[in-house]
Amino acid sequence: MKLRDKVALVVGGSSGLGRACAEACAAEGAKVVIADINERGAEDTLAGIRAAGGAGMFVNTNAMDESAVKAAVDATVREYGKLDILVNSAGGPTEADEAGWHHQIDMYLKAPYYGCRHALPEMEKNGGGSIINIASLSGVTGSMAKVPEGTGYPAAKHGVIGITKTLAIANGKKNIRVNAICPGYIKTELTRPLYEAKDGGDRLITQRLQVPMNRWGEAHEIGKVAAFLASEDASFITGQSIIVDGGFMAR
Ligand SMILES: NC(=O)c1ccc[n+]([C@@H]2O[C@H](COP(=O)([O-])OP(=O)(O)OC[C@H]3O[C@@H](n4cnc5c(N)ncnc54)[C@H](O)[C@@H]3O)[C@@H](O)[C@H]2O)c1
């Protein structure tokens, strides 16, 4: 129980990697608040957490709306008295067009910024904390975009790593650690069209991308890294972008 008495806010915790982060933090004893637009998914996440003996609640939150993110932070502190851990993991499919570019920036850059901005003062009051931004391999290398409008995702994910490093420097003396996780190809709702593709989701991994571990990642393999980063086991790790990709970037 490495997160006993801790309180975690997971933005995007109704599905996929956010759900896995919520479950992993709860399994280590944290109370978990799910901030998401998907209430049903949040209830599923929370049902699993409660069945395993954990506790948590849902706050309906559009991560792209700064006032809603602030309200989620406030609701967390009202309910559980403090905020120790923030995970920023909201996401969803977007078109590679002009509107999609702006949407990617709103979803993947501005939303984590809002989360950090409003969580940091609460963590400072509390004498410390841990922020985990879910970035991407597209935060450390270019994506396969064919048109300029397709650059929104890598631009935002590179930006999240900039936010992560900068806030880590700014908040180190306050004992607030800020890290990013860069997942490779992980099975979630977001990637379902890829791994369930008729022409072979496995072939994408084994032949086209040649992921050294030769398989898709599972969401819990990200969740456990988030729980580690949130815990005292990671007490001297800050400003880092941890790549969790089955060896893809090592090639
Ligand atoms: N799955 C992967 O392989 C992979 C790889 C690299 C990075 N990522 C990143 O992981 C994060 C999570 O993606 P996922 O794969 O778990 O997808 P997912 O679709 O399974 O989960 C995304 C969650 O975000 C929520 N969400 C969407 N829009 C929201 C909004 N406006 N406000 C609040 N919540 C919102 C959804 O309801 C859902 O619960 C994203 O930032 C994504 O870029 C995923």
Side-chain angles (χ1 to χ4, degrees), residues 9-24 32-46 48 58-73 75 86-94 100 102-115 132-141 143-144 152-161 163-164 180-197 201 204-205 209 211 213 215-223 225-226 241-246 248-249:
L9 174 62
V10 182
V11 183
S14 295
S15 172
L17 306 187
R19 172 178 288 175
C21 293
E23 288 171 346
V32 175
V33 178
I34 308 290
D36 203 296
I37 48 172
N38 177 354
E39 180 164 7
R40 183 138 180 223
E43 288 310 326
D44 287 347
T45 305
L46 289 168
F58 170 63
V59 184
N60 201 323
T61 309
N62 179 356
M64 296 185 286
D65 173 353
E66 182 166 12
S67 61
V69 174
K70 181 179 185 318
V73 170
L86 170 70
V87 179
N88 283 308
S89 189
T94 323
H102 291 279
H103 185 81
Q104 305 268 22
I105 299 297
D106 288 344
M107 171 82 83
Y108 294 114
L109 185 59
K110 290 187 187 173
Y113 160 66
Y114 299 149
I132 296 131
N133 294 317
I134 304 298
S136 168
L137 299 184
S138 296
V140 290
T141 188
S143 294
M144 299 299 281
Y153 189 76
K157 294 296 188 179
H158 274 74
V160 162
I161 291 176
I163 288 174
T164 300
I181 299 176
C182 299
Y185 293 80
I186 316 289
K187 283 187 175 175
T188 66
E189 283 310 306
L190 191 64
T191 53
R192 186 181 291 279
L194 290 177
Y195 67 80
E196 287 188 348
L204 170 72
I205 296 295
L209 298 171
V211 175
M213 291 194 76
R215 64 170 176 84
W216 282 84
E218 302 290 340
H220 69 83
E221 294 176 295
I222 302 299
V225 178
S241 303
I242 314 283
I243 294 175
V244 185
D245 69 347
F248 182 73
M249 291 295 289

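Just follow the structure's listing: the first ligand is 1, and inside any ligand the first atom is 1.
- Between Glu221 and Arg215, at least one side-chain N (NZ, or NE/NH1/NH2) sits under 4.0 Å from a carboxylate O, which counts as a salt bridge.
- The closest protein non-hydrogen atom to atom 39 (O) of ligand 1 is Asp36 OD2, 2.7 Å.
- Here the straight-line distance linking atom CG of Leu209 with atom CG of Asp245 works out to 11.0 Å at 0.5 Å rounding.
- The side-chain heavy atoms of Ile161 and Cys182, taken from C-beta on, include a pair separated by under 4.5 Å.
- The proximity of Leu137 to ligand 1, defined as any non-hydrogen pair under 4.0 Å, does not occur for either the backbone or the side chain.
- Between the side chain of Thr191 and the main chain of Ile186, a donor-acceptor pair closer than 3.5 Å is present.
- Not a single heavy atom of Lys187 lies less than 4.0 angstrom from ligand 1.
- Among Pro112, Ala35, Gly12, Pro93, the residue whose heavy atom lies closest to atom 23 (C) of ligand 1 is Gly12.
- In this structure, atom 17 (O) of ligand 1 lies nearest to the protein heavy atom Leu190 CB, 3.4 Å.
- Using a 4.5 Å cut-off on side-chain heavy atoms (C-beta onward), Ile134 and Cys21 make contact.
- When all heavy atoms of Ala22 and Ile34 are compared, the pair lying nearest together is CB-CD1, 3.7 Å.
- Proximity of a side-chain donor or acceptor of Lys70 to a complementary backbone N or O of Asp65 within less than 3.5 Å is not detected.
- Polar contact check, Tyr185 against ligand 1: no nitrogen or oxygen pair lies under 3.5 Å apart.
- Remark: Tyr114 OH to Met64 CE distance equals 9.5 Å, nearest 0.5 Å.
- The distance from the OH atom of Tyr185 to the CG atom of Leu204 is 6.5 Å, given to the nearest 0.5 Å.
- The closest side-chain heavy-atom distance from Pro112 to Ile163 is not below 4.5 Å.
- When each atom of ligand 1 is checked for a heavy atom of Gly16 under 4.0 Å away, the hits are 16 (O), 20 (O).
- Contact annotation: for Arg19 versus ligand 1, there are no heavy atoms closer than 4.0 Å.
- Here atom 9 (C) of ligand 1 lies nearest to Ile134 when heavy atoms of Ile134, Asn88, Leu194 are compared.
- The N/O atoms of Ala90, backbone and side chain alike, include one that comes under 3.5 Å of an N/O atom in ligand 1.
- Judged by distance alone, with hydrogens and angles left aside, the side-chain atoms of Thr45 form a donor-acceptor pair with the main-chain N or O of Gly13 at under 3.5 Å.
- Near Met107, the atoms of ligand 1 lying under 4.0 angstrom from a non-hydrogen atom of the residue are 28 (N).
- Salt-bridge formation is detected for the pair Glu189/Arg192: a Lys NZ or Arg NE/NH1/NH2 atom is positioned less than 4.0 Å from an Asp or Glu carboxylate oxygen.
- Not a single N or O atom of Gly18, backbone or side chain, sits closer than 3.5 Å to an N or O atom of ligand 1.
- Of all protein heavy atoms, the one lying nearest to atom 22 (C) of ligand 1 is Gly91 O, 3.4 Å.
- In terms of heavy-atom proximity, Phe248 sits nearest to Val211 at CD1-CG2, 4.0 Å.
- In plain terms, the two heavy atoms of Ile105 and Gly152 that are nearest each other are CD1-O, 3.8 Å.
- Atom CE of Met213 sits in a sparse spot, with 12 or fewer heavy atoms from other residues, nucleotides or ligands closer than 6.0 Å.
- Two residues are said to be in side-chain contact when any heavy atoms from C-beta on lie closer than 4.5 Å; Tyr113 and Asn88 fail this criterion.
- What sits closest to atom 43 (O) of ligand 1 on the protein, heavy atoms only, is Tyr153 OH, 2.6 Å.
- Of the protein's heavy atoms, Ser89 O, 3.4 Å lies nearest to atom 11 (C) of ligand 1.
- Comparing heavy-atom distances from atom 14 (P) of ligand 1 across Ile222, Asp245, Thr188 singles out Thr188 as nearest.
- Taking 4.0 Å as the cut-off, Ala135 counts as a neighbour of ligand 1 on heavy-atom distance.
- Put simply, part of Gly184 is less than 4.0 Å from ligand 1, judged by heavy atoms.
- In Ala111, neither the side chain nor the backbone holds a heavy atom less than 4.0 Å from any atom of ligand 1.
- In terms of protein heavy-atom proximity, atom 20 (O) of ligand 1 is closest to Ser15 OG, 2.6 Å.
- For ligand 1, the atoms lying closer than 4.0 Å to a non-hydrogen atom of Pro183 are 5 (C), 6 (C), 7 (C).
- Interface of Thr191 with ligand 1, defined as ligand atoms under 4.0 Å from a residue heavy atom, comprises 1 (N), 2 (C), 3 (O).
- Regarding atom 3 (O) of ligand 1, its nearest protein heavy-atom neighbour is Ile186 N, 2.9 Å.
- Scanning the protein for heavy atoms near atom 31 (N) of ligand 1, the closest one is Asn62 OD1, 2.9 Å.
- Those atoms of ligand 1 with a heavy atom of Ser14 less than 4.0 angstrom away are 39 (O).
- Using modelled atom types and a 3.5 Å distance limit, the side chains of Asp36 and Ser14 yield a donor-acceptor pair.
- Annotation: Gly92 places no N or O atom under 3.5 Å from an N or O atom of ligand 1; distance criterion only.
- When each atom of ligand 1 is checked for a heavy atom of Glu189 under 4.0 Å away, the hits are 19 (O), 20 (O).
- Heavy-atom contacts of Asn38 reach the following atoms of ligand 1: 37 (O) (cutoff under 4.0 Å).
- Atoms of ligand 1 lying under 4.0 Å from at least one heavy atom of Thr61, given by number and element, are 32 (N), 33 (C).
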